[in-house]
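Naming convention: chains lettered A, B, ... in sequence-line order (proteins, then strands); numbering from 1 in each chain.
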Number of protein chains: 2
Amino acid sequence: MSSTPTTPLVSGEKAGRREQILTAAAELFAQHGFHGVGIDDIGAAVGISGPALYRHFRSKDAMLGEMLTSISRYLLDGGEAHAERDGDADEVLAALVRFHVDFALTHPALITVQERSLANLADTDRRQVRALQRRYVEVWVRVIRAAVPGLDQAHARSAAHAVFGLINSTPHSRHLPDDQQAALLERLALGALHAA
Amino acid sequence: MSSTPTTPLVSGEKAGRREQILTAAAELFAQHGFHGVGIDDIGAAVGISGPALYRHFRSKDAMLGEMLTSISRYLLDGGEAHAERDGDADEVLAALVRFHVDFALTHPALITVQERSLANLADTDRRQVRALQRRYVEVWVRVIRAAVPGLDQAHARSAAHAVFGLINSTPHSRHLPDDQQAALLERLALGALHAA
DNA sequence: GCCGGAGGTTAGCGAGCGCTAACAAGACGT
DNA sequence: ACGTCTTGTTAGCGCTCGCTAACCTCCGGC
């Protein structure tokens with residue numbers, strides 16, 4: 001609604017140069033870490049070479065910044081959309097889990113980058129990402145507490161983080177077809193939460 | 001029995017210089033990533049300055065290598081010890097979960113480093129760490145399949161990774177006293193596995 | 001038919017980093 | 001008393017990396 005028109009979170013395909021660069025960079029950052037990837041590597045990954053990237057981004061840090069803030073915003077938006085849909089509390093929770101699982105399975109590189117290199121962000125960007133993440137966690141806390149009785153805020157927050165860890169572990173283990181992996185992760189996540 | 005006598009996994013306190021350096025380095029690597037930490041930073045953290053570290057380690061990579069292999073070996077040894085103790089399958093699983101939770105809560109920096117910077121390891125070290133980790137996963141797979149009926153290898157392996165992610169998430173969320181956090185993680189982990 | 005902007009190229013700068021070299025000072029066995 | 005081993009110091013080399021400068025080329029509008 002505000003800056004970019006639709007924000008389909010990159011999605012390959014037609015994608016302008018900026019998006020193309022961001023997806024390539026995400027893949028590289030995920031594999032080698034932020035400092036382990038050079039400007040030239042990113043350029044090479046999209047077929048142009050080195051400093052041409054500065055026609056599209058102000059700095060290497062700006063790439064990471066845009067990457068992480070767009071992820072966080074996408075998750076927050078999606079999370080809020082699911083949380084606001086009224087219905088059975090258990091079903092809302094299941095939908096939220098499914099949403100996050102789906103994201104983790106379709107964008108493993110982004111998951112890895114977000115976990116790994118928040119520390120490499122410039123101060124301003126890091127504050128913004130942190131804020132978005134906090135709000136996303138709060139969405140989960142509300143939904144969890146509605147579905148699982150007898151959990152105080154602190155326990156619900158810890159449980160939310162734990163479930164993120166569970167779901168986000170998926171880039172480290174892809175020995176199952178996607179649909180089976182998704183089904184398993186959903187069962188595990190919901191099993192964990194209902195045992196809390 | 002082979003190289004080092006007892007291998008108490010560092011543990012601060014008396015600890016020789018090498019161990020002191022490794023713990024300091026782990027903390028820094030966890031905060032800023034491997035490439036984000038300079039030789040001088042590590043030296044400063046233990047009160048000596050810069051190149052003095054080369055009296056104790058052959059290179060910066062060697063520090064990371066020793067750090068990660070010792071973690072992996074500690075986990076594998078502990079895991080096998082718990083798995084071999086016979087008794088109720090559920091109780092063995094619970095003990096294994098408790099073991100890993102305990103490790104994650106007492107060594108959050110090591111957890112973070114192991115997740116984050118496997119990619120920064122030299123080839124030889126990385127192969128060794130990978131091998132140790134694989135064996136640790138296999139311990140879990142056996143214990144899980146004994147306690148949870150109807151899981152094939154692949155599903156059990158995915159579930160193991162997911163539970164690692166769940167437990168290892170604890171460095172990102174410390175807003176609960178340690179004992180409550182441990183109890184919660186145990187419940188979540190076992191809840192997840194029994195729902196698999 | 002020109003011209004300005006968009007998006008590339010290569011050359012090279014300045015800074016930071018891992019690591020080595022050369023040297024100093026205390027502990028200690030003989 | 002002396003040499004040697006250990007563990008520290010500072011200076012500095014060489015390389016890599018992020019980024020800028022200067023230049024080229026295509027392309028669409030008037």
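- Within the structure, salt bridge (Lys or Arg N to Asp or Glu O under 4.0 Å) pairs that include any residue of residues 116-143 of chain A comprise A:Glu80-A:Arg135, A:Asp123-A:Arg126, A:Glu138-A:Arg157 (at least two apart or interchain).
- With rounding to the nearest 0.5 angstrom, the CE atom of A:Met63 is 8.5 Å from the CZ atom of A:Phe34.
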field: side chain to side chain donor-acceptor pair (under 3.5 Å) between A:His32 and A:Asp41, worked out
entry: CA-CA 11 Å; A:His32 310 105; A:Asp41 301 325; over 6 Å; no
Pairs under 3.5 angstrom, nitrogen or oxygen only, protein versus nucleotides 4-7 of chain C, please.
none

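- Taking a 6.0 Å sphere around CZ of A:Arg174, one finds it holds more than 12 heavy atoms contributed by other residues, nucleotides or ligands.
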What pairs of donor and acceptor atoms, side-chain ones from residues 44-54 of chain A against any protein atom, are under 3.5 angstrom apart with sequence neighbours left out?
none

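- Screening residues 162-181 of chain B for ring-ring contact (aromatic ring centres under 6.0 Å, His included), with sequence neighbours left out, gives A:His161-B:His175, B:His100-B:Phe164, B:Tyr136-B:Phe164, B:Trp140-B:Phe164.
- Closest approach of B:Ala83 and B:Val92 over heavy atoms only: CA-CG1, 4.1 Å.
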message: Walk along nucleotides 11-18 of chain D from 5' to 3' and tag each nucleotide B, S or - by protein heavy-atom contact under 4.0 Å, base first, then sugar-phosphate.
response: B------S
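- Look at CZ on B:Arg58: it is 16 Å from P on C:dG18, rounded to the nearest Å.
- Closest of all the heavy-atom pairs between B:Leu151 and B:Ala156 is CD1-CA, 4.3 Å.
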task: Show the numbers, then the answer: is there a side chain to side chain donor-acceptor pair (under 3.5 Å) between A:Ser72 and A:Gln114?
output: CA-CA 9 Å; A:Ser72 304; A:Gln114 178 152 66; 3.0 Å; yes
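- Counting all heavy atoms, side chain and backbone alike, B:Ala26 lies closest to B:Ala109 at O-CB, 4.0 Å.
- Contacts between residues 25-33 of chain A and DNA chain C, defined by a heavy-atom separation under 4.0 Å, are absent.
- Here D:dT6 presents its C1' atom at 15 Å from CG of B:Leu53, a figure rounded to the nearest Å.
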